[in-house]
There are 2 protein chains.
Amino acid sequence: MDFDPMKPIWVQVANRLKQQIVTGDLPPGSKLPGGRDLALAYGINPNTAARIYQELEREGVCTTRRGMGTYVTEDDERIRSLKESMIRDALERFLADLAGLGISGKEALIWLKKEEESNDHQ
Amino acid sequence: MDFDPMKPIWVQVANRLKQQIVTGDLPPGSKLPGGRDLALAYGINPNTAARIYQELEREGVCTTRRGMGTYVTEDDERIRSLKESMIRDALERFLADLAGLGISGKEALIWLKKEEESNDHQ
DNA sequence: CTTAGTGCACTATATACATAATACACTAAT
DNA sequence: ATTAGTGTATTATGTATATAGTGCACTAAG
């Protein structure tokens, strides 16, 4: 994973894990890698990895049991609402970016369709 | 302007100025505020303001003349291509966010409509 | 020449981030 | 009891960011 120097690593990895959770790639109740293993997997420091799990627990996405590890929550409703809010965030950020560039939502759809068409033609 | 604690202030203000340039709010050749004034306008430190203008000059968006100030480039083509790349960046970031959540642009529109409907029912 | 506005350079401080290294405590399995 | 795997805590170092304050040099205008 290549990191954006403009955002803390722990934020970026936490977002990646949340993505894997809401897509079902990391199912409810499944065990996450140990802190040291997560650090190895992402090429980061174990301290940073620990911070990531602390953040996921703070958000109610994971539960941590000392000596056992960190697990994805089994609360399906929580995961569903997390996915919804992540989609909403992406959408709002996109529209805010375009608004700052003086582009309306309607114009944004034109750009979006143009982009999808060019992808279809690949 | 409220700043995102996850990104450097100088990046955020530089982006805001670039937005104003590509929308014509800051026309080609126009004079930008002095470093100290920019700092006052955004509630930031003059050193940070200076760094912002250094970045804009590095990107070829502005030119700085010692003792006179910083001015928007008069190269219309440069401004046009900047706008295009900013739109493309916003679009690609949006689609990358959605891809990470396992959904296509088309599905995102469904979510958006669902969102709008639930807002209508409030 | 003097002045105001400006860019630029420098030192200093505080905070967050990320790293490194070490140690301790808990749990499950042997 | 021992072991491996785990979370947790601590101290330390280096870098980037942002702040604060000061001073100097250049430019245009009076």
Tell me the closest heavy-atom pair linking A/Thr73 and A/Asp75, and the distance in Å. OG1-N, 3.1 Å
For atom CH2 of B/Trp10 and atom C1' of D/dT17, their distance in whole Å: 10 Å
May I ask you to test the A/Ile44-A/Ile52 pair for a side-chain heavy-atom distance under 4.5 Å? yes
Any side-chain heavy-atom pair from B/Leu32 and B/Tyr53 closer than 4.5 angstrom? yes
Classify B/Thr48 by what it touches in the nucleic acid, base, sugar-phosphate, or nothing, heavy-atom distance under 4.0 Å. base
B/Glu55 CD to C/dG7 P, in whole Å, measures 16 Å
Output yes when at least one side-chain N/O atom of B/Arg51 is less than 4.0 Å from OP1 or OP2 of D/dT17, else no. yes
Short side-chain N/O contact from A/Asn45 to OP1 or OP2 of C/dA18, under 4.0 Å: no
Without decimals, in angstroms, what is the distance between B/Gln54 CD and D/dT17 P? 12 Å
Look at the side chain of B/Met68 and decide which nucleotide, out of C/dG7, D/dA28, C/dC26, has an atom nearest to it. D/dA28
Does B/Thr70 make a side-chain N or O approach to OP1 or OP2 of C/dG7 shorter than 4.0 Å? yes
Judged by nearest nucleotide, the residue sitting upstream toward the 5' end of DNA chain D, A/Gly35 or B/Gln12, is A/Gly35
Report the residue (A/Pro46 or A/Gly67) whose heavy-atom-nearest nucleotide on DNA chain D is the more 5′ of the two. A/Gly67
For the pair made of CD1 in A/Ile44 and C1' in C/dA20, what is the distance, rounded to whole Å? 14 Å
Which part of the nucleic acid does A/Asn47 contact within heavy-atom distance under 4.0 Å: base, sugar-phosphate only, or nothing? base
Under 4.0 Å from OP1 or OP2 of D/dT6: is there any side-chain N or O of A/Lys31 that close? yes
Flag the pair B/Arg80 and B/Glu84 as a salt bridge only when some basic side-chain nitrogen lies within less than 4.0 angstrom of an acidic carboxylate oxygen. yes
Which one, D/dC26, D/dA18, D/dG7, comes nearest to the side chain of A/Arg66? D/dG7
For D/dG7, does the base pair up with any side-chain atom of A/Arg36 as donor and acceptor (N or O, under 3.5 Å, distance only)? yes
